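Comments concern the structure below.
Predicted, not measured: the structure shown is a model, and the values here were computed from it.
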Amino acid sequence: MATTPSARQRVEGKSGCAVESALAVIGGRWKGVVLYWLSTRPRPLRFGELRRLLPNCTQRMLTLQLRELEEDGLVKRTVFAEVPPRVEYELTPFGKSLEPILLGLRDWGERYRRRLPP
C-alpha cells in the first residue's frame, strides 16, 4: 500500500528552487481552491460546506487535500465533541499569509479566462 509523502518529502524538490517548494505545498487540483474559499469566508467552514463549494471534488480527495494542508501548517482542523461530531476548517496565521497570493492568482485567472476564445 502506498503511503502519502510527508510534508518534507513533498517540499524537498529536485531543482532547489523555492517556487518548486511552494507549488509542492499549494499545488494540485484542489488545494489552491480550498485555500481560496477558506481565505474569503468570514468564519471557519465545515466539511460539508467545502464539499458544496467544490462539487466536482470527491469526498476522499477533499479529505486527503485537507489533511496535507493541515500537515503543512496552512489549515487548522477543529473537532467539536458533539453528536454528530462537527469539524471546522480555517486558515492558520501562516495560511493567511497566502491570502494576497491567492487573490492575485484569482485576478490573474480572471484576466486569463477573458483572453480565451468563446
(request) Determine, step by step, whether E99 and L91 satisfy the side-chain contact (heavy atoms from CB on, under 4.5 Å) criterion, reporting the C-alpha distance in whole Å, the side-chain angles of both residues, the deciding distance to 0.1 Å, and the verdict. (result) CA-CA 10 Å; E99 287 178 345; L91 294 180; 4.0 Å; yes
(request) Test T58 against T63 for side-chain contact (heavy atoms from CB on, under 4.5 Å), laying out the working first. (result) CA-CA 9 Å; T58 65; T63 299; over 6 Å; no
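Note: the hydrophobic cluster containing L35 also contains L62 (ILVMFWY, side chain heavy atoms under 4.5 Å, direct or indirect links). Follow the hydrophobic side-chain contacts under 4.5 Å out from V75 and you reach V87 in the same cluster. Under a hydrophobic clustering in which Ile, Leu, Val, Met, Phe, Trp and Tyr are joined whenever their side-chain heavy atoms come within less than 4.5 Å, directly or via other members, L23 and F94 fall into different clusters. Tracing side-chain contacts under 4.5 Å through hydrophobic residues (I, L, V, M, F, W, Y), one reaches F47 starting from V79; they form part of the same cluster. There is a path of hydrophobic side-chain contacts, each under 4.5 Å, that joins L69 to L105.
Residues S97 and I101 come closest through the heavy atom pair O-CD1, 4.4 Å. Closest approach of T92 and G73 over heavy atoms only: OG1-O, 2.6 Å. The two residues Y89 and L50 have their closest heavy-atom pair at CD1-CD1, 4.1 Å. Across C57 and R51, no two heavy atoms sit closer than the pair O-NE, 3.5 Å. Residue Q65 comes nearest to R29 through the heavy atom pair OE1-N, 4.5 Å, listed as atom of the first residue, atom of the second, then distance. In plain terms, the two heavy atoms of A24 and K31 that are nearest each other are O-NZ, 3.9 Å.
With rounding to the nearest 0.5 angstrom, the CG atom of L64 is 13.5 Å from the CH2 atom of W30. Once rounded to the nearest 0.5 Å, the distance linking CG of L74 with CG of L98 reads 5.5 Å. Residue K76 holds its NZ atom at 5.0 Å from CD of E90, rounded to the nearest 0.5 Å. In this structure, the separation between CG on L38 and NZ on K96 is 10.5 Å, given to the nearest 0.5 Å. The structure places CD of E110 at 6.5 Å from CZ of R113, a figure rounded to the nearest 0.5 Å. Here L102 contributes atom CG and T40 contributes atom OG1; the two are 9.5 Å apart, rounded to the nearest 0.5 Å.
Side-chain atoms of E49 come within 3.5 Å of backbone atoms of R46 as a donor-acceptor pair (strictly under, hydrogens ignored).
Contact of the D72 side chain with the I26 side chain is not registered, since no non-hydrogen atoms from C-beta on lie closer than 4.5 Å.
Heavy-atom neighbours of Y112 OH from other residues, nucleotides or ligands within 6.0 Å: at or below the threshold of 12.
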